Amino acid sequence: MCAQFFKRYYCIKQHDISDCGAACLAIVAKQYGLKLPISYIREIAGTDQKGTNAFGMIKAAKEIGFSAKGVKAQAEHLTSQLPLPTIAHVVKDNLLHYVVIHEINKKGLIIADPAAYFGQFDHLIRFMPIARYA
């Protein structure tokens, strides 16, 4: 008999259009057992009406207790060797947006999009710099 293990992935819905970065940090924190309000993360990340920049994401991740750094990569560089979950800065509907990559497999990516919950994508078009959290 085969035992099948299911991974539990989280997704937290963003409060408004500028909250995707803070929501992604809340998702990663929850994956590690931390429950942090988006309002707290917005504050430490310096989120404004335009959202959170990469520097603010890294600063907030470190303040929460994660090691974090920003790297630039193209979609084809996403491999199973990437530490997961990872926050990716992508272009969605011609807007910059953050999503959490939970899994990379042969079929594509399993992501948590705080604007639309979960999704599976064959690839992310116009992939932007990644901030990774371990």
Side-chain angles (χ1 to χ4, degrees):
M1 191 159 118
C2 255
Q4 191 172 17
F5 297 96
F6 296 96
K7 294 181 184 176
R8 171 172 255 166
Y9 299 126
Y10 296 102
C11 190
I12 297 170
K13 188 132 174 88
Q14 65 191 59
H15 295 164
D16 63 44
I17 196 165
S18 64
D19 276 343
C20 60
C24 284
L25 281 170
I27 292 166
V28 173
K30 188 169 184 173
Q31 199 73 32
Y32 286 96
L34 302 171
K35 291 183 181 180
L36 301 173
I38 290 176
S39 58
Y40 169 72
I41 297 171
R42 282 180 59 96
E43 186 178 315
I44 63 174
T47 303
D48 59 21
Q49 293 100 348
K50 294 180 182 178
T52 309
N53 62 31
F55 176 75
M57 292 288 286
I58 293 167
K59 178 181 161 232
K62 288 181 178 180
E63 189 158 325
I64 292 168
F66 293 111
S67 67
K69 69 177 182 176
V71 298
K72 186 171 184 171
Q74 298 300 318
E76 60 268 13
H77 297 127
L78 296 175
T79 68
S80 59
Q81 295 176 357
L82 188 67
L84 298 173
T86 289
I87 296 177
H89 200 202
V90 300
V91 177
K92 179 183 177 185
D93 301 327
N94 290 324
L95 296 171
L96 293 175
H97 184 58
Y98 290 103
V99 297
V100 176
I101 301 173
H102 281 296
E103 185 177 326
I104 301 170
N105 58 40
K106 295 174 187 172
K107 295 179 182 178
L109 307 173
I110 296 177
I111 68 162
D113 181 344
Y117 290 115
F118 284 100
Q120 182 153 349
F121 295 89
D122 294 331
H123 61 286
L124 290 174
I125 300 170
R126 295 173 61 193
F127 195 74
M128 298 298 286
I130 302 172
R132 82 174 185 199
Y133 304 93

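Please read all numbers here as calculations on a predicted model, not as lab measurements.
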Yes or no on side chain to side chain contact (heavy atoms under 4.5 Å, CB included) for Gln14 and Cys20, after CA distance, side-chain angles and deciding distance?
-> CA-CA 6 Å; Gln14 65 191 59; Cys20 60; 3.1 Å; yes
Apply side chain to side chain contact (heavy atoms under 4.5 Å, CB included) to Leu36 and Leu25, showing your working.
-> CA-CA 9 Å; Leu36 301 173; Leu25 281 170; over 6 Å; no
Side chain to side chain contact (heavy atoms under 4.5 Å, CB included) assessment of Ile44 paired with Lys59 = CA-CA 8 Å; Ile44 63 174; Lys59 178 181 161 232; 5.6 Å; no
Evaluation steps, side chain to side chain contact (heavy atoms under 4.5 Å, CB included), between Asp113 and Cys11 | CA-CA 7 Å; Asp113 181 344; Cys11 190; 5.8 Å; no
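For the pair Leu84 and Ile101, the tightest heavy-atom approach, listed with the atom from each and the gap, is CD2-O, 3.5 Å. Minimum heavy-atom separation, Thr47 to Ser18: CG2-O, 3.5 Å. When all heavy atoms of Gln31 and His102 are compared, the closest pair comes out as OE1-CE1, 3.4 Å. Between Ala112 and Tyr10, the shortest heavy-atom contact is CB-O, 3.5 Å. Considering all non-hydrogen atoms of both residues, Ile38 and Lys13 come closest at CD1-O, 3.7 Å.
Between Ile111 atom CD1 and Glu103 atom CD the span is 13.0 Å, to the nearest 0.5 Å. The SG atom of Cys24 sits 10.5 Å away from the CG atom of Asp19 when rounded to the nearest 0.5 Å. From Ile104, atom CD1 reaches atom OG1 of Thr86 across 7.0 Å, with rounding to the nearest 0.5 Å.
By the criterion of side-chain heavy atoms lying less than 4.5 angstrom apart, applied directly or through intervening Ile, Leu, Val, Met, Phe, Trp or Tyr residues, Leu34 is grouped together with Tyr98 in one hydrophobic cluster. Tyr32 is connected to Ile12 through a chain of hydrophobic side-chain contacts under 4.5 Å among Ile, Leu, Val, Met, Phe, Trp and Tyr, so both are in one cluster.
Remark: Ile17 CD1 is loosely packed, at most 12 non-hydrogen atoms of other residues, nucleotides or ligands lying under 6.0 Å away.
Side-chain atoms of Ile87 and Ile27, non-hydrogen and from C-beta on, never get closer than 4.5 Å to each other. Between Ser39 and His15, every side-chain heavy-atom pair lies at or beyond the 4.5 Å cut-off. Annotation: side chain of Val91 is in contact with side chain of Leu96 (closest heavy-atom distance under 4.5 Å).
Side chain of His97 to backbone of Pro114: no donor-acceptor contact under 3.5 angstrom is found.
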